[in-house]
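Please read the structure below before turning to the comments.
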Amino acid sequence: MDASRPLGDVLVTGGAGFIGCALSRSLAARARSWTVLDNLHPQVHPTGRRPEALDPSAELIVADVALAESFDTLGDLRPDTIIHLAAETGTGQSLNEASRHSLANVVGTTRLTDWLSQTGHRPAAMLLTSSRAVYGEGEWVRSDGSSVYPGQRSHSMLAAHQWDVSGAVGVPARADRTRPAPTSVYGATKLAQEHVLAAWALSHGVPLSIFRLQNVYGPGQSLTNPYTGIVTLFSRLAKAGQTIPVYEDGQIIRDFVFIDDVAAALVAGLESPPSAVRTLDVGTGVRTSIAQLAEMMAEFHGAPAPRVTEQFRDGDVRHAVCDISATSEELGWIPRVGIREGVARLQSWIDVQENNL
């Protein structure tokens, strides 16, 4: 840690989750105190117990950020650094549980800013983990070079197997160039988080980093949460010797970024906070189709070849990958774990977890 920028007392909302635990292992021992506010939701924490992966030096307070009284449990804590991870995730789930996602993601964020305003406290730096979901389909480019923002694919389009934007290809998203246009409730609530925190931070002169994360995966990810991510889903199926079903035509594009690389990006952002508000993308910049991912998983476990089913999910994005050049330049950070290495490391970790059951 740069001695000129100490973390001091740290508050991490949602800090007992996948990313929070990974970040605590990197930084908790280097802070004066590390306080985690997390509701230990049973979808993520089925046992309701403190995660073993959370650094032992962290103080865990079990409380819900959507409730104003939860912040009363912090007592006299006036954090120098706030890392806002608390959020409900799951694109498809958010369409059917919009209130739950809005309460956690939007109201939870306003509870945080209200608490700061009521106490008159101004942290030295704040960091928000946002999502690639804020872009929706983002920008596509036609063969003549013109750009288009296609917006959400309708149910009728998907039912007719109209997967792509006719005559156009998706462009990697970049925060300073791509216009946010979420196509899911989840994406809309994450964009609202960004707007709420940015408005508060700019008004009060608090440096804020907003990191839009691509598809994060790796050891520590929940193996029981059905909405935790496609990498662990495919892994469970292949490990059981089952055929992986691949949606649409298999050419849905994602940018899979390993948890260690994400934690390293967040650490870099905390070590070098901005002067005001900055928004950066965290991914690999590498396009991987879900068919490619499924084939990797099947090959690793010797499972049957994946099967393209032409099923689809309403609100799902066809093309999601980011341009990390601005992030690398700003933070001096680059991702180091490729998808094949990351998949292998995840499988090894899963084997250990299952052997310990």
Side-chain angles (χ1 to χ4, degrees), residues 17-19 21-22 25 43-47 51-53 89-93 132 158 161 163-164 170 213-264 282-313 316-322 334-357:
F18 177 36
I19 295 173
C21 286
R25 294 193 296 272
Q43 184 169 301
V44 180
H45 305 277
T47 67
E52 292 183 6
T89 62
T91 300
Q93 183 182 25
R132 57 94 178 163
L158 295 172
H161 298 171
W163 310 128
D164 284 307
L213 310 183
Q214 293 288 317
N215 284 57
V216 186
Y217 74 100
Q221 199 162 21
S222 173
L223 300 178
T224 58
N225 182 0
Y227 300 98
T228 197
I230 196 171
V231 180
T232 51
L233 170 62
F234 282 6
S235 176
R236 291 199 304 269
L237 292 171
K239 190 174 175 62
Q242 299 178 28
T243 300
I244 300 173
V246 178
Y247 279 21
E248 299 187 15
D249 59 353
Q251 297 309 304
I252 296 171
I253 298 298
R254 293 292 181 265
D255 185 340
F256 296 103
V257 58
F258 196 68
I259 182 60
D260 291 6
D261 286 328
V262 172
V282 177
T284 65
V286 177
R287 293 176 171 88
T288 301
S289 71
I290 60 167
Q292 289 173 314
L293 176 66
E295 288 161 4
M296 286 182 213
M297 290 294 188
E299 179 183 344
F300 188 93
H301 291 287
R307 179 173 57 88
V308 174
T309 66
E310 296 188 333
Q311 293 171 276
F312 60 86
R313 293 191 313 172
D316 212 355
V317 170
R318 177 68 169 177
H319 179 273
V321 65
C322 71
I334 58 171
R336 301 187 180 280
V337 181
I339 183 66
R340 288 192 176 275
E341 178 187 347
V343 163
R345 288 167 63 173
L346 174 62
Q347 306 317 301
S348 297
W349 175 80
I350 291 173
D351 289 342
V352 171
Q353 303 311 300
E354 293 181 344
N355 290 336
N356 289 336
L357 291 179

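Below, each value reflects all heavy atoms present in this structure, side chains not excepted, and no hydrogens, waters or symmetry copies.
Closest non-hydrogen pair, R318 versus E248, comes out as NH1-OE1, 2.8 Å. Here the closest non-hydrogen pair linking V317 and I252 is O-CG2, 3.8 Å. Of all heavy-atom pairs spanning L237 and P245, the tightest one is CD1-CD, 3.7 Å. Of all heavy-atom pairs between I244 and A294, the closest is CD1-O, 3.6 Å. Annotation for P219 and R345: closest pair CG-O, 4.0 Å, computed over non-hydrogen atoms. Nearest heavy-atom pair, Q311 versus Y247, reported as atom, atom and distance to 0.1 Å: O-CB, 3.4 Å.
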Step-by-step side-chain contact (heavy atoms from CB on, under 4.5 Å) determination, V343 to F256: CA-CA 10 Å; V343 163; F256 296 103; over 6 Å; no
Worked check of side-chain contact (heavy atoms from CB on, under 4.5 Å) between M296 and R340: CA-CA 7 Å; M296 286 182 213; R340 288 192 176 275; 3.6 Å; yes
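With sequence neighbours excluded, no residue forms a salt bridge (charged side-chain N to carboxylate O under 4.0 Å, His left out) with D261. For E310, there are no salt bridge (charged side-chain N to carboxylate O under 4.0 Å, His left out) partners at least two apart in sequence or on another chain.
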If you look only at distance, which donor and acceptor atoms sit under 3.5 Å apart when one is on a side chain in residues 297-308 and the other is two or more places apart or in another chain?
{"from": "H301", "atom 1": "NE2", "to": "Q347", "atom 2": "OE1", "distance (Å)": "2.8"}

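Contact check for L158 versus W163: side-chain heavy atoms found under the 4.5 Å cut-off. At least one side-chain heavy atom of L293 sits less than 4.5 Å from a side-chain heavy atom of I339.
In this structure, Q292 contributes its side chain and I253 its backbone to no donor-acceptor pair below 3.5 Å. The backbone N or O of V246 lies less than 3.5 Å from a partner atom in the side chain of T309, making a donor-acceptor pair.
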